[in-house]
Amino acid sequence: MANTILVGAQWGDEGKGKIIDVLTEEADVIVRSQGGNNAGHTVFVGKQKYVLHLVPSGILHRGKRCVIGNGVVVDPISLVEEIEGLRKLGVKARGRLFLSETAHLVLPYHRELDAQREVLKGRQKIGTTKRGIGPAYGDKAARVGLRVIDLVQPQRFEDKLRQRIKENNGVLKAFGAKPLSFARVHAAYRAAGDYLKPFVSNTVTLLHQACLRGESILFEGAQGTFLDIDHGTYPYVTSSNTTAGGACTGSGVPPHRIDRVVGVMKAYTTRVGEGPLPTENAEIADMLHAMGREFGATTGRPRRCGWFDSVATRHAAMVNGIDDLAVTNIDGLDALETIKVCIGYRLGGKRYDYFPSDLEALSGCVPIYAEFPGWRTPTSTIKSWKKLPAACRAYLKALEDLTGARLAIASVGPARDQTMFL
Ligand code: GDP
Ligand code: IMO
Ligand code: MG
């Protein structure tokens with residue numbers, strides 16, 4: 001397989017984990033390059049459900065190597081728990097999971113500050129996952145972050161942590177929050193450091209050598225295009241570059257090594273957390289929630305739902321350079337008589353065919369919809385494109401045309417065998 005970056009083309013939770021799992025078959029190395037344990041990627045292997053947060057979903061395929069790249073922010077305690085959880089389910093990570101020594105750490109003061117800032121924001125809160133992601137990337141940019149390479153050097157870690165806890169306790173006090181105990185944090189993170197030491201490596205060199213051997217690399221994007229710190233609905237975004245460019249900076253693999261970008265999108269739209277969602281619609285949300293669908297994989301929060309927004313996905317195709325599209329959760333629309341697709345926005349007499357940068361403008365935009373007849377047939381047992389109802393194929397072809405990238409994969413259920421290639 002060509003070196004492939006897979007990104008979310010909407011607001012996260014598009015089904016990236018499932019599609020990564022399917023594509024892993026043909027890859028040698030699967031790489032996470034941004035985000036942290038704010039991600040929740042669901043994969044079903046048979047009846048067994050796995051939710052991956054930091055470990056690349058490729059780990060579920062025996063023999064594949066997985067990398068947590070330099071651009072990821074790693075909560076060591078959470079990573080140890082995840083590796084142990086996988087081990088208990090018979091998935092061995094040791095020897096095939098490689099953790100970048102230059103990835104930054106998420107520490108307890110990051111989580112605490114994340115929560116405190118959300119409280120302070122009140123009604124303007126972002127609705128973060130409270131995993132400390134924003135403060136950890138903030139420290140990275142401010143050049144006061146601790147990295148994996150520090151975690152595995154006991155004296156250095158102790159000195160740096162002591163200093164950072166002292167400073168952050170001052171900040172926490174100003175918030176009226178409880179200060180952290182250095183001794184307690186130090187003991188827990190040292191233990192995690194000892195556990196993780198065998199996984200730590202120079203992943204830039206590792207990936208370079210994989211490229212030289214002609215192996216194929218699959219980049220597992222986290223979050224989605226509209227949660228990107230630069231291209232998303234700022235400030236209602238996460239703190240990393242979730243778009244395709246982030247895969248290179250977050251792994252050290254240069255851009256000329258990338259052959260293909262796959263964009264994953266649902267056949268409708270969802271978002272978890274605050275911020276604009278132009279096509280949000282209570283009717284479709286109620287229908288999906290009643291089916292037991294669209295509850296967050298990381299926080300369990302009900303996801304906000306809406307119609308497919310082609311203004312947004314067209315923008316995603318542009319900023320990511322999407323070649324191929326994977327459309328998931330097609331079966332979620334099986335019961336509908338009529339399906340709407342947003343084809344433009346209207347704001348004060350002006351029509352927008354592109355995604356406005358100004359949040360205030362975006363919040364005022366009223367979607368212009370095209371209507372498509374539903375297929376009213378269960379699709380989850382259908383195995384080939386040709387057997388999908390004609391109305392379903394027409395709907396998916398319209399999404400392809402409106403988004404402007406090739407429809408390559410159609411998914412009608414969470415399992416591996418509920419996937420069609422076009
Ligand atoms: P990710 O963060 O992009 O990996 O997506 P999540 O795992 O957070 O959310 C996607 C949800 O949709 C998960 O529960 C998947 O098991 C499920 N899923 C993925 N593709 C399909 C599909 O085609 N049909 C159905 N019914 N569920 C799907
Ligand atoms: P995956 O990889 C959906 C959202 C949060 C919040 C905003 C900022 O599973 O698609 P953060 O904790 O990152 O500071 O929160 O981003 N968010 C996600 N939404 N899927 C995700 O990951 C997300 N990761 C963060 O809900 O709105
Ligand atoms: Mg998710």
Side-chain angles (χ1 to χ4, degrees), residues 7-14 34-35 38 113-130 133-135 137-138 141 221-246 263 265-266 268-285 294 296 299 301-320 322 340-370 402-404:
V7 293
Q10 295 161 323
W11 276 269
D13 302 328
E14 295 91 345
Q34 45 72 226
N38 50 348
L113 287 172
D114 193 352
Q116 292 296 334
R117 283 178 191 157
E118 284 285 89
V119 173
L120 193 69
K121 283 196 178 92
R123 286 182 48 184
Q124 261 111 48
K125 72 171 198 255
I126 294 166
T128 74
T129 59
K130 297 204 177 79
I133 305 298
Y137 276 116
Q223 292 80 52
T225 299
F226 296 97
L227 293 172
D228 183 284
I229 183 89
D230 286 284
H231 300 290
T233 51
Y234 190 91
Y236 299 101
V237 293
T238 191
S239 300
S240 66
N241 282 117
T242 62
T243 45
M265 54 196 208
K266 279 178 176 148
Y268 46 89
T269 309
T270 66
R271 171 169 205 165
V272 58
E274 308 305 317
L277 185 63
T279 61
E280 187 163 18
N281 177 276
E283 201 183 318
I284 184 167
E294 301 309 343
T299 58
R301 291 178 286 178
R303 295 178 183 142
R304 299 158 62 195
C305 304
W307 300 111
F308 187 88
D309 185 343
S310 72
V311 182
T313 57
R314 203 152 52 234
H315 187 81
M318 180 173 75
V319 295
N320 292 294
I322 294 173
K340 290 185 187 180
V341 172
C342 170
I343 53 165
Y345 301 146
R346 200 175 298 288
L347 177 67
K350 186 179 167 199
R351 182 181 165 133
Y352 280 85
D353 290 308
Y354 62 91
F355 201 79
S357 311
D358 180 21
L359 212 64
E360 214 171 291
L362 182 64
S363 305
C365 278
V366 178
I368 303 164
Y369 287 113
L402 288 162
T403 302

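The two residues T403 and F308 make their nearest non-hydrogen contact at OG1-CZ, 3.9 Å. What you find for P276 and L359 is that their closest heavy atoms are CG-CD1, 3.6 Å. Between L227 and Y236 the shortest heavy-atom distance is CD2-O, 4.0 Å. Summarising the geometry of I322 relative to G263, their closest heavy-atom pair is CG2-N, 3.6 Å, with the distance given to 0.1 Å. Heavy atoms only, all atoms of each residue included: L113 and P135 are closest at CB-CG, 4.1 Å. G273 and R304 get closest at one heavy-atom pair: O-NH1, 2.8 Å.
Between W11 and the choices T269, V237, T225, T242, the side chain to side chain contact (heavy atoms under 4.5 Å, CB included) rule is met once, by T269.
Not a single donor-acceptor pair under 3.5 Å links the side chain of R351 to the backbone N or O of Y345. Judged by distance alone, the side chain of Y137 and the main-chain N or O of G35 form a donor-acceptor pair under 3.5 Å. Proximity of a side-chain donor or acceptor of R271 to a complementary backbone N or O of R303 within less than 3.5 Å is not detected. Not a single donor-acceptor pair under 3.5 Å links the side chain of S239 to the backbone N or O of I133. Side chain of E118 to backbone of K130: no donor-acceptor contact under 3.5 angstrom is found.
The shortest side-chain heavy-atom distance between Y234 and I229 falls under the 4.5 Å cut-off. Counting heavy atoms from C-beta outward, I284 and W307 have side chains that approach closer than 4.5 Å. P278 has its side chain within reach of L362: a pair of non-hydrogen atoms, C-beta onward, lies under 4.5 Å apart. Side-chain contact between Y369 and V341 is absent, with no heavy atoms from C-beta onward closer than 4.5 Å. Contact annotation: the side chain of N241 never approaches that of Q223 to less than 4.5 Å [non-hydrogen atoms, C-beta and beyond]. A 4.5 Å side-chain heavy-atom check between L402 and T313 finds every atom pair outside the cut-off. Put simply, the side chain of F226 reaches to within 4.5 Å of the side chain of H315, judged on heavy atoms. Between I368 and C342, every side-chain heavy-atom pair lies at or beyond the 4.5 Å cut-off.
Remark: M318 CE to T243 OG1 distance equals 11.5 Å, nearest 0.5 Å. One finds the CZ atom of R314 at 8.5 Å from the CG atom of D309 (value rounded to the nearest 0.5 Å). In this structure, CD on E283 lies 12.0 Å from SG on C305, to the nearest 0.5 angstrom. The distance from the OG1 atom of T279 to the NZ atom of K340 is 11.0 Å, given to the nearest 0.5 Å.
Around the NZ atom of K125, the shell of radius 6.0 Å holds no more than 12 heavy atoms that belong to other residues, nucleotides or ligands.
Side-chain contact check for Q124 and E274: no donor-acceptor pair (N or O, by modelled atom type) lies under 3.5 Å. D13 and T270 form no side-chain donor-acceptor contact under 3.5 Å, judged by distance and modelled atom types alone. Remark: the T128 side chain and the D114 side chain contain an N/O donor-acceptor pair separated by less than 3.5 Å. Between the side chains of S240 and Q34, at least one donor N or O lies within less than 3.5 Å of an accepting N or O. Checked by atom type, the side-chain pair T238/N38 shows a donor-acceptor distance below 3.5 Å.
We find that K266 and E294 are joined by a salt bridge, their nearest charged nitrogen and carboxylate oxygen being less than 4.0 Å apart.
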